[in-house]
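Only a predicted model underlies this, so the values are computations on that prediction, with no experimental measurement involved. When a residue number appears, it is its place in the shown sequence, counting from 1.
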Amino acid sequence: MGDRYYTSKLLYQLFFLELVRSHRSVSHGAILNLINPGFSYGSELHRTAEGAFGKVLSGMKRVLGRSVSVGARTLVHAAVLAGESSDE
């Protein structure tokens, strides 16, 4: 299951790049935002991590990660607030 997360992230970005390439020559006036909430603590993403690795990962998430609500702001901003300013 762990490698599926990283594979799906890669496929998401590759799909987005191909979408942009295929629509670059056609001007629809659409704005496409690639979003990612980032490294967040409080999510259940690494719930199966066990032992020393699980403890280290949990500590790293608390020190380096954002809360789930702050990570979700990225999604809301891209969907609602960014508008044409994200085109720059």
Side-chain angles (χ1 to χ4, degrees):
M1 188 65 177
D3 62 331
R4 289 184 186 166
Y5 173 77
Y6 302 107
T7 303
S8 67
K9 285 280 191 181
L10 176 61
L11 289 173
Y12 169 64
Q13 295 208 3
L14 292 174
F15 171 78
F16 188 83
L17 287 173
E18 189 59 34
L19 182 66
V20 169
R21 281 190 198 129
S22 67
H23 287 86
R24 185 174 284 157
S25 62
V26 180
S27 177
H28 293 290
I31 298 171
L32 303 174
N33 292 314
L34 182 63
I35 56 173
N36 186 340
F39 195 53
S40 301
Y41 63 86
S43 71
E44 293 293 316
L45 181 60
H46 299 101
R47 67 183 165 273
T48 58
E50 297 176 343
F53 175 70
K55 293 196 184 304
V56 169
L57 185 57
S58 178
M60 284 178 49
K61 285 171 71 172
R62 282 307 252 168
V63 173
L64 301 173
R66 323 175 191 191
S67 69
V68 175
S69 62
V70 171
R73 291 178 196 168
T74 306
L75 307 175
V76 173
H77 183 266
V80 179
L81 301 174
E84 290 186 28
S85 66
S86 69
D87 191 29
E88 298 172 352

#### Entry: Other residues, nucleotides, ligands: >12 heavy atoms within 6.0 Å of Lys9 NZ
yes

### Task
Taking atom CZ of Phe16 as the centre, report whether more than 12 heavy atoms of other residues, nucleotides or ligands fall under 6.0 Å from it.
yes

Show every donor-acceptor pair shorter than 3.5 Å between a side-chain atom in residues 66-75 and any protein atom, with sequence neighbours excluded, or say none if there are none.
| residue | atom | partner | partner atom | Å |
| --- | --- | --- | --- | --- |
| Arg66 | NH1 | Thr74 | OG1 | 3.2 |
| Ser67 | OG | Ser69 | OG | 3.2 |
| Ser67 | OG | Val70 | N | 3.3 |
| Thr74 | OG1 | Gly71 | O | 3.4 |

### Task
Output all residues satisfying side chain to side chain contact (heavy atoms under 4.5 Å, CB included) with Ser58, sequence neighbours left out; order by chain, then residue number.
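Here no residue qualifies.
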
### Message
Let me confirm one number: the CD-CD distance from Gln13 to Glu18, rounded to the nearest 0.5 Å.
### Response
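Between atom CD of Gln13 and atom CD of Glu18 there are 14.0 Å.
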
### Task
Hey, could you give me the OH/CG distance between Tyr6 and Leu11, rounded to the nearest 0.5 Å?
15.0 Å

### Same apolar cluster: Leu19 and Leu14, side chain cutoff 4.5 Å
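They do not share one cluster, since no chain of ILVMFWY contacts under 4.5 Å joins Leu19 to Leu14.
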
### Query
Would Leu10 and Phe15 show up in the same hydrophobic cluster when neighbours are defined by side-chain heavy atoms closer than 4.5 Å?
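Different hydrophobic clusters.
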
### Task
Please name the pair of heavy atoms, one in Phe39 and one in Lys61, separated by the smallest distance, quoted to 0.1 Å.
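So the minimum-distance heavy-atom pair works out to CZ-CG, 3.2 Å.
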
